[in-house]
Visitor: 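If you scroll down you'll find the structure; I have some questions about it.
Position 1 is the first residue of the sequence; numbering continues from there.
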Amino acid sequence: MNPLILYQNTQLELQETKNTLAMRGISLSKEDILSLQQTILFICKKLHWIETDHSKLNQILDPFLNSPYMSTNNYLDILKNLIISYYEVRSRYHRFVEDTMILDAMEMIYIKRGGTLDIYYVEKVLHQVQRMRGTK
């Protein structure tokens with residue numbers, strides 16, 4: 001792939017993510033957004049996963065941006081933890097579950113648990129996805 005095209009796409013993605021966050025009242029620097037993208041690369045590498053969808057960052061973050069459990073003190077940490085949680089759940093279901101079901105389950109558990117992202121969060125999300133799959 002042409003590195004210039006990759007760079008232009010990255011700049012476009014950065015701006016798109018920054019605009020999406022700004023519309024929700026979340027102001028992150030370019031470095032913060034790059035850090036979120038690095039989180040995706042890190043967790044994908046750890047899980048031996050390759051992410052080809054360049055809009056995945058926005059898809060993962062979107063359901064959580066209006067959460068009352070985020071404050072300016074903890075946006076970045078929470079968003080990173082949500083990204084890691086998404087890929088941990090996704091890696092267990094591969095293509096058997098749609099992204100929307102995973103994200104719906106993540107949002108439901110996040111709100112139900114008062115914005116708590118602890119060691120039990122992923123297990124609770126996995127259980128919720130199983131329940132949702134059983135009702136389809």
Side-chain angles (χ1 to χ4, degrees):
M1 174 176 267
N2 181 338
L4 182 57
I5 292 172
L6 183 61
Y7 177 76
Q8 289 172 339
N9 287 343
T10 302
Q11 293 302 312
L12 183 61
E13 292 164 29
L14 282 172
Q15 192 57 48
E16 184 179 315
T17 301
K18 194 169 186 162
N19 292 344
T20 299
L21 293 169
M23 288 189 316
R24 302 289 180 86
I26 298 173
S27 178
L28 294 178
S29 69
K30 178 180 175 180
E31 291 76 22
D32 291 338
I33 295 169
L34 285 171
S35 178
L36 294 174
Q37 290 178 330
Q38 287 297 322
T39 301
I40 290 176
L41 293 174
F42 165 79
I43 190 65
C44 286
K45 184 176 181 179
K46 179 182 171 191
L47 297 171
H48 306 287
W49 193 273
I50 296 173
E51 182 57 75
T52 58
D53 184 351
H54 295 291
S55 65
K56 190 60 73 180
L57 178 60
N58 288 341
Q59 290 174 18
I60 295 169
L61 301 183
D62 191 57
F64 303 95
L65 296 179
N66 287 329
S67 169
Y69 302 111
M70 287 198 206
S71 71
T72 54
N73 307 359
N74 64 2
Y75 284 148
L76 198 56
D77 289 336
I78 288 175
L79 297 177
K80 284 180 180 182
N81 285 323
L82 289 168
I83 289 167
I84 291 168
S85 297
Y86 166 81
Y87 282 101
E88 287 177 351
V89 173
R90 165 56 59 214
S91 72
R92 299 213 192 154
Y93 285 109
H94 299 282
R95 293 185 183 4
F96 303 115
V97 175
E98 293 182 20
D99 287 344
T100 54
M101 184 178 286
I102 292 171
L103 292 169
D104 287 348
M106 286 178 64
E107 181 182 21
M108 184 182 305
I109 298 301
Y110 181 74
I111 291 169
K112 190 177 194 177
R113 300 188 79 225
T116 303
L117 292 171
D118 57 16
I119 60 173
Y120 304 107
Y121 178 72
V122 169
E123 292 304 318
K124 297 276 185 191
V125 171
L126 287 166
H127 180 71
Q128 182 61 38
V129 169
Q130 276 301 112
R131 287 183 20 196
M132 292 166 79
R133 286 182 75 199
T135 61
K136 284 204 153 208

Visitor: State the CD1-NZ distance between Ile84 and Lys46, to the nearest 0.5 angstrom.
Guide: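 Between atom CD1 of Ile84 and atom NZ of Lys46 there are 7.5 Å.
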
Visitor: Return the set of residues passing side-chain hydrogen bond (donor to acceptor under 3.5 Å, both in side chains) with Tyr93 (not counting sequence neighbours), or none when no residue passes.
Guide: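 Once residues adjacent in sequence are excluded, the partners of Tyr93 under the side-chain hydrogen bond (donor to acceptor under 3.5 Å, both in side chains) criterion are Gln130.
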
Visitor: Do you know the tightest heavy-atom contact between Ser91 and Trp49?
Guide: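 What the structure gives for the nearest pair is CA-CZ3, 3.8 Å.
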
Visitor: Residues in side-chain hydrogen bond (donor to acceptor under 3.5 Å, both in side chains) with Lys80, at least two apart?
Guide: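 Result, side-chain hydrogen bond (donor to acceptor under 3.5 Å, both in side chains) vs Lys80: Ser35.
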
Visitor: Mind checking the CD1-CG spacing from Ile109 to Asp104? Nearest 0.5 Å is all I need.
Guide: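 Spacing of CD1 (Ile109) from CG (Asp104) equals 11.5 Å.
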
Visitor: Which atoms form the tightest heavy-atom contact between Thr116 and Tyr121, and what is the distance?
Guide: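 Smallest heavy-atom distance, with atoms named: O-CD1, 3.8 Å.
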
Visitor: Could you pull out all residues at least two apart from Glu51 that satisfy salt bridge (charged side-chain N to carboxylate O under 4.0 Å, His left out)?
Guide: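 Partners of Glu51 by the salt bridge (charged side-chain N to carboxylate O under 4.0 Å, His left out) criterion come out as none, since no residue qualifies.
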
Visitor: Can you list the residues that meet the side-chain contact (heavy atoms from CB on, under 4.5 Å) rule with Asn58, with sequence neighbours excluded?
Guide: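 Testing Asn58 for side-chain contact (heavy atoms from CB on, under 4.5 Å), a comparison that skips the adjacent residues, returns Glu16, Thr17, Thr20.
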
Visitor: Who else is in Tyr120's hydrophobic cluster (ILVMFWY, side-chain heavy atoms under 4.5 Å, direct or via others)?
Guide: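 Once heavy-atom contacts under 4.5 Å are chained together, Tyr120 belongs with Ile119.
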
Visitor: For Gln38, check side-chain contact (heavy atoms from CB on, under 4.5 Å) against everything at least two apart and list the hits.
Guide: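 By the side-chain contact (heavy atoms from CB on, under 4.5 Å) rule, Gln38 matches Leu41.
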
Visitor: I'd like to check the side-chain hydrogen bond (donor to acceptor under 3.5 Å, both in side chains) partners of Asp118; sequence neighbours left out, ordered by chain and number.
Guide: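 Residues passing side-chain hydrogen bond (donor to acceptor under 3.5 Å, both in side chains) with Asp118: Arg113.
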
Visitor: How long is the span from the CD atom in Glu88 to the CD atom in Glu123, to the nearest 0.5 Å?
Guide: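 Reported value, rounded in 0.5 Å steps: 9.0 Å.
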
Visitor: How many angstroms lie between atom CZ of Arg92 and atom CD1 of Ile102, to the nearest 0.5 angstrom?
Guide: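 Taking CZ in Arg92 and CD1 in Ile102, the distance rounds to 11.5 Å.
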
Visitor: Any pair with a residue in residues 60-70 that passes salt bridge (Lys or Arg N to Asp or Glu O under 4.0 Å), sequence neighbours left out, goes on the list, sorted by first then second residue, please.
Guide: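 Checked against salt bridge (Lys or Arg N to Asp or Glu O under 4.0 Å) - neighbours excluded - the pairs reaching residues 60-70 are Arg24-Asp62.
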
Visitor: side-chain hydrogen bond (donor to acceptor under 3.5 Å, both in side chains) with Asp32: which residues, sequence neighbours excluded?
Guide: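 Asp32 satisfies side-chain hydrogen bond (donor to acceptor under 3.5 Å, both in side chains) with Ser29 only.
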
Visitor: Under 4.5 Å between side-chain heavy atoms, hopping through other hydrophobics if needed: is there a path connecting Leu79 to Met108?
Guide: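 Different hydrophobic clusters.
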
Visitor: To the nearest 0.5 Å, how far apart are CD1 in Ile60 and OH in Tyr87?
Guide: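 Rounded to the nearest 0.5 Å, the CD1-OH separation comes out at 4.0 Å.
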
Visitor: For a quick test of reading the model, state the closest non-hydrogen atom pair linking Leu82 to Met106 and the distance between them.
Guide: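 Answer, listing the atom of Leu82 first, then Met106: O-CE, 3.3 Å.
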
Visitor: Under the salt bridge (Lys or Arg N to Asp or Glu O under 4.0 Å) rule, what pairs show up with a residue in residues 33-43, not counting sequence neighbours?
Guide: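 Checked against salt bridge (Lys or Arg N to Asp or Glu O under 4.0 Å) - neighbours excluded - no pair reaches residues 33-43.
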
Visitor: Val97 and Val89: side-chain contact (heavy atoms from CB on, under 4.5 Å), yes or no, with the steps?
Guide: CA-CA 10 Å; Val97 175; Val89 173; over 6 Å; no

Visitor: Would you indicate whether the side-chain heavy atoms of Met132 and Gln128 approach each other to under 4.5 Å?
Guide: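 Side-chain contact under 4.5 Å: yes.
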
Visitor: For side-chain contact (heavy atoms from CB on, under 4.5 Å), just list the numbers for Tyr110 and Val125, CA-CA rounded to whole Å, side-chain angles, deciding distance to a tenth of an Å, and then say yes or no.
Guide: CA-CA 9 Å; Tyr110 181 74; Val125 171; over 6 Å; no

Visitor: Please determine whether side-chain contact (heavy atoms from CB on, under 4.5 Å) holds for the pair Gln59 and Lys56, giving the CA-CA distance in whole Å, both sets of side-chain angles, and the decisive distance to 0.1 Å.
Guide: CA-CA 5 Å; Gln59 290 174 18; Lys56 190 60 73 180; 3.3 Å; yes

Visitor: Should Leu126 and Leu103 be counted in the same cluster of Ile, Leu, Val, Met, Phe, Trp and Tyr side chains packed under 4.5 Å apart?
Guide: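 Yes.
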
Visitor: Mind listing the closest non-hydrogen atom pair of Gly114 and Tyr69 along with its distance?
Guide: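 Shortest heavy-atom separation between Gly114 and Tyr69 comes out as O-CD2, 3.2 Å.
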
Visitor: Any idea which heavy atoms bring Ile83 and Ile40 closest together, and the distance?
Guide: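 That closest heavy-atom pairing would be CG2-CG1, 3.5 Å.
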
Visitor: Give, for atom CD1 of Ile78 and atom OG of Ser85, the distance between the pair rounded to the nearest 0.5 Å.
Guide: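 Taking CD1 in Ile78 and OG in Ser85, the distance rounds to 11.5 Å.
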
Visitor: Taking only residues two or more places apart in sequence, or in another chain, which ones meet Glu107 in a side-chain contact (heavy atoms from CB on, under 4.5 Å)?
Guide: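 So Glu107 forms a side-chain contact (heavy atoms from CB on, under 4.5 Å) with Pro63, Phe64, Ile111.
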
